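Just so you know, ligand 1 is whichever comes first in the structure, and atom 1 is the first atom listed for that ligand. Values in this document were obtained by computation on a predicted structure and should not be read as measured data.
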Amino acid sequence: MVVMRDVAIAKSEFVPDQKAITKVQDFQELPELFEYCSLPQIVQYVKCFTGPNIMSMHTMLINKPPDAGKKTSRHPMHQDLHYFPFRPADRIVCAWTAMERIDRSNGCLVVLPGTHTGELKQHDYPEWEGGVNKMYHGVRDYDPSLPRVHLTMEKGDTVFFHPILIHGSGMNRTAGFRKAISCHYASSDCYYIDVKGTTQENIEKEVIELALKRYGVEEILLKDAWMAKGRLVQGERINL
Ligand SMILES: CCCCCCCCCC(=O)SCCNC(=O)CCNC(=O)[C@H](O)C(C)(C)COP(=O)(O)OP(=O)(O)OC[C@H]1O[C@@H](n2cnc3c(N)ncnc32)[C@H](O)[C@@H]1OP(=O)(O)O
Ligand SMILES: O=C(O)CCC(=O)C(=O)O
């Protein structure tokens with residue numbers, strides 16, 4: 001399990017540590033949370049994208065904190081495929097469930113409809129004055145005049161979205177922590193790719209640096225991190 005803190009409050013001496021937590025990732029070893037990934041209400045839709053052999057690849061309990069005044073609670077516009085060294089993209093889907101009412105005031109999801117039919121684009125850190133969270137890359141060039149849809153959701157509402165869809169989330173202007181739970185699924189028939197020489201090289205480099213710093217692991221590729229995180233939800237584990 002990885003606990004992530006908001007860059008603007010991680011080092012604050014005025015904010016208690018647990019109040020800086022912006023998400024808990026990789027909860028696949030925690031049975032109560034992992035139950036979300038096999039809920040029939042979710043899986044019945046997931047399998048329309050993945051087919052019968054379903055793997056959970058990435059899990060998150062997102063706890064977007066009240067913004068500390070630097071707008072770091074925003075999540076830059078991105079395509080999730082940037083982080084994934086497996087294909088095909090059409091066999092990957094994210095389920096994202098609101099754990100309370102979420103609207104523009106507490107930083108709802110923002111999507112650019114139709115962009116899932118495009119290509120994976122170059123991602124880099126956005127040049128934000130107040131700083132940006134580590135490993136929060138943003139899509140470099142997209143048409144800012146494309147229509148945006150803000151997803152207002154009630155508690156328990158779930159969206160399912162494609163990994164090439166350009167999306168992000170806004171600033172939390174409220175005093176509460178905005179909570180959502182999500183799982184990225186893929187068909188176990190998907191296959192790993194080598195990201196060397198692709199736009200994904202920059203995220204692989206960061207993951208390698210993090211693995212060395214945190215776990216002392218020297219020889220690792222992006223796909224090794226994903227192989228270790230993936231769990232079979234239903235069907236047969238084939239490639240992933
Ligand atoms: C490849 C990542 C997997 C995500 C795949 C997801 C695909 C789905 C779509 C998305 O979610 S897109 C966004 C994907 N990115 C992330 O989810 C970012 C996840 N980030 C983290 O989990 C943590 O921020 C991270 C593990 C990278 C923190 O790493 P560290 O181990 O370096 O943090 P640590 O708590 O040990 O603190 C080390 C230093 O960083 C600082 N720090 C802590 N949190 C930070 C933060 N959020 N940003 C920048 N700096 C941070 C901290 O103050 C400290 O500073 P000093 O070294 O100066 O003492
Ligand atoms: O929950 C959020 O604020 C954004 C989540 C997101 O963009 C993602 O999981 O890819």
Side-chain angles (χ1 to χ4, degrees), residues 1-13 15 17 20-27 56-65 67-68 70 72-86 92-100 102-104 106-112 120 123 125-126 128 130-139 150-151 153 158-172 177-186 195 200 202-216 220-226 228-230:
M1 193 177 87
V2 176
V3 175
M4 177 187 165
R5 293 170 178 78
D6 184 279
V7 61
I9 44 187
K11 291 187 184 172
S12 169
E13 47 191 293
V15 182
D17 186 52
I21 293 175
T22 183
K23 64 182 174 181
V24 170
Q25 309 205 89
D26 301 330
F27 59 61
S56 78
M57 298 303 289
H58 187 64
T59 51
M60 289 190 284
L61 185 70
I62 308 162
N63 186 47
K64 191 192 275 281
D67 197 88
K70 301 207 160 173
T72 51
S73 64
R74 291 177 297 170
H75 196 138
M77 299 302 274
H78 66 282
Q79 297 167 303
D80 291 345
L81 196 68
H82 174 62
Y83 298 88
F84 300 151
F86 42 90
I92 305 170
V93 67
C94 177
W96 190 103
T97 302
M99 294 172 71
E100 59 193 313
I102 299 183
D103 56 27
R104 288 185 80 165
N106 54 3
C108 63
L109 289 179
V110 186
V111 306
L112 305 185
L120 179 61
H123 286 63
Y125 282 107
W128 285 353
V132 62
N133 286 306
K134 197 166 169 179
M135 289 187 179
Y136 270 38
H137 295 184
V139 62
H150 290 85
L151 302 186
M153 297 169 68
T158 300
V159 285
F160 296 86
F161 59 90
H162 190 280
I164 293 188
L165 181 78
I166 299 179
H167 69 286
S169 68
M171 183 167 139
N172 181 0
F177 287 76
R178 189 227 71 183
K179 290 186 169 48
I181 187 165
S182 79
C183 179
H184 286 81
Y185 299 88
V195 300
Q200 292 175 262
N202 57 359
I203 189 66
E204 178 170 66
K205 185 164 173 276
E206 282 196 56
V207 169
I208 292 171
E209 284 166 5
L210 188 68
L212 181 61
K213 185 180 139 209
R214 284 205 150 196
Y215 310 110
I220 187 177
L221 293 173
L222 187 56
K223 71 175 182 185
D224 298 322
W226 289 101
K229 279 146 55 91

Worksheet item: Does the side-chain hydrogen bond (donor to acceptor under 3.5 Å, both in side chains) test come out yes or no for Asp6 and Thr72, once each step is laid out?
Response: CA-CA 7 Å; Asp6 184 279; Thr72 51; 2.8 Å; yes
The closest protein heavy-atom partner of atom 5 (C) of ligand 2 is Trp96 NE1, 3.7 Å
shortest atom 3 (O) of ligand 2-to-protein heavy-atom contact is with Ser169 OG, 2.6 Å
Which of the ligand 2 atoms, numbered from 1, are nearer than 4.0 Å to a heavy atom of [X]:
{"X": "Ile62", "value": "1 (O)"}
{"X": "His167", "value": "6 (C), 7 (O), 8 (C), 10 (O)"}
{"X": "Asp80", "value": "10 (O)"}

[Y] side chain reached by [X] side chain, heavy atoms, under 4.5 Å:
{"X": "Ile181", "Y": "Phe27", "value": "yes"}
{"X": "Tyr215", "Y": "Ile220", "value": "no"}
{"X": "Pro126", "Y": "Arg74", "value": "no"}
{"X": "Asn172", "Y": "Asn106", "value": "yes"}
{"X": "Met60", "Y": "His184", "value": "yes"}
{"X": "Asp80", "Y": "Phe161", "value": "yes"}

- Item | Short N or O distance, His184 and ligand 2, threshold 3.5 Å exclusive | no
In chain-and-number order, ligand 1 lies under 4.0 Å from a heavy atom of each of Val2, Met4, Arg5, Val7, Ala10, Lys11, Lys23, Gln25, His58, Met60, His75, His78, Asp80, Tyr83, Phe84, Asn133, Lys134, Met135, Tyr136, His184, Val207, Leu210, Lys213, Arg214, Trp226
Hits for ring pair (Phe, Tyr, Trp, His ring centres under 6.0 Å) against His123, two or more places apart or cross-chain, chain-then-number order -> His82
Note: heavy atom closest to atom 2 (C) of ligand 2, options Lys179, Arg178, Lys64, Met60, belongs to Arg178
Per side chain to side chain contact (heavy atoms under 4.5 Å, CB included), Leu61 is matched among Lys179, Met1, Met99 by Met99
